[in-house]
Amino acid sequence: MNAQWPAAAQAAEAELFDDTLACDALLPADFRPGAGPGRLAQAEALLLGLAQVEDLRGEESEDKRGELPMLAQRMDAKLDLMLVLLGRLVRQSGQALPPRPLRWSARGLRLQAGGLALPADGEAGLLRVQPSDWLPDELELPATVLARADDAGGSWAWLRFPALPAGLEEALERHLFRMHRRQVADARRR
């Protein structure tokens, strides 16, 4: 937490991130004021599908990948490359979300606003965030602006999610846990 942020921003930081798992990341994201209710069912389906793929990749990573026949290993590697290429093509052909520094929990997130026109505190909108770098799909979640602040790192907005359906909240917590686990593993390797 930045001690130079105003009291409202510090309170929003505590509300969103105290006593819960949170991840810092650089992900494609934006916020649209006044936009619709989001796509909650699609967000849950996306997070569940992403978890299944990551579970399969995790099971086959270091230990079991060597046990697979060489042909299966090559097909797996080709599929990974195709997904990355497909993701790049989709991002090039459409309006790609700009990568932004953010801090994310199941309660909401702090987003570097850089160039976003944010409504006043308390106003609602639609948060779009791409949860995975290799899959060019995005979550669309309703959010409310809790606070805004500026510091040397730029302009920041604190966005709170409304009460989400239980399945979506669980899928989001699971995704954040996986992100956190990868960040810890990456830090240990360095």
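- Annotation: His180 is not in aromatic contact with Trp104 [ring centroid separation under 6.0 Å not met].
- Counting heavy atoms from C-beta outward, Leu50 and Pro131 have side chains that approach closer than 4.5 Å.
- Looking at every heavy atom in both residues, Ala106 comes nearest to Leu176 through N-CD1, 3.4 Å.
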request  = Show the numbers, then the answer: is there a side-chain hydrogen bond (donor to acceptor under 3.5 Å, both in side chains) between Trp5 and Glu13?
outcome  = CA-CA 10 Å; Trp5 284 332; Glu13 184 83 6; over 6 Å; no
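- The CD atom of Glu173 sits 9.0 Å away from atom OG of Ser105, with the distance rounded to the nearest 0.5 Å.
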request  = Evaluate the criterion side chain to side chain contact (heavy atoms under 4.5 Å, CB included) for residue pair Leu102 and Gln112; output intermediate values, then yes/no.
outcome  = CA-CA 6 Å; Leu102 55 87; Gln112 188 173 37; over 6 Å; no
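- For the pair Leu127 and Glu140, the minimum side-chain heavy-atom distance is 4.5 Å or more.
- Residues Gly122 and Thr144 share a closest heavy-atom pair of O-CG2, 3.5 Å.
- Residues Phe31 and Leu159 meet the side-chain proximity criterion, which asks for heavy atoms closer than 4.5 Å.
- Residues Leu168 and Leu141 are in side-chain contact: their nearest non-hydrogen atoms beyond the backbone lie under 4.5 Å apart.
- Remark: Arg103 is positioned above the aromatic ring of Phe17, its terminal NZ or CZ atom under 6.0 angstrom from the ring centre and at most 45 degrees off the axis.
- In this structure the side chain of Val129 never reaches within 4.5 angstrom of the side chain of Pro28, judged on heavy atoms.
- With a 4.5 Å cut-off on side-chain heavy atoms, Glu15 and Arg107 do not count as touching.
- Within 6.0 Å of atom CD in Glu170, 12 or fewer heavy atoms from other residues, nucleotides or ligands are found, so the atom counts as exposed in its surroundings.
- The shortest non-hydrogen separation linking Leu126 to Gly38 is CD1-CA, 3.3 Å.
- At a threshold of 4.5 Å between side-chain heavy atoms, the hydrophobic network of Ile, Leu, Val, Met, Phe, Trp and Tyr places Leu47 and Leu97 in two separate groups.
- For Gln4, the CD atom is loosely surrounded, since the number of other residues' heavy atoms within 6.0 Å does not exceed 12.
- Hydrophobic clustering (ILVMFWY, side-chain heavy atoms < 4.5 Å, transitive): Leu21 and Leu172 are in one cluster.
- Taking all atoms of both residues into account, the shortest heavy-atom contact from Pro101 to Leu26 is N-CD1, 3.5 Å.
- The two residues Ala120 and Arg148 come nearest to each other via the heavy atoms CA-NH2, 3.8 Å.
- Here the options are Gln42, Arg39, Gln130, Arg128, the test is side chain to side chain donor-acceptor pair (under 3.5 Å), and the partner is Glu138; only Arg128 passes.
- When Arg182, Arg188, Arg189 are each tested for a side chain to side chain donor-acceptor pair (under 3.5 Å) with Asp186, only one passes: Arg189.
- Counting all heavy atoms, side chain and backbone alike, Arg100 lies closest to Asp30 at NE-CA, 4.3 Å.
- Side-chain contact between Arg110 and Leu16: absent, with no pair of heavy atoms (C-beta onward) separated by less than 4.5 Å.
- Between Val145 and Trp158, every side-chain heavy-atom pair lies at or beyond the 4.5 Å cut-off.
- Annotation: the span from Leu109 atom CG to Cys23 atom SG amounts to 11.5 Å, rounded to 0.5 Å.
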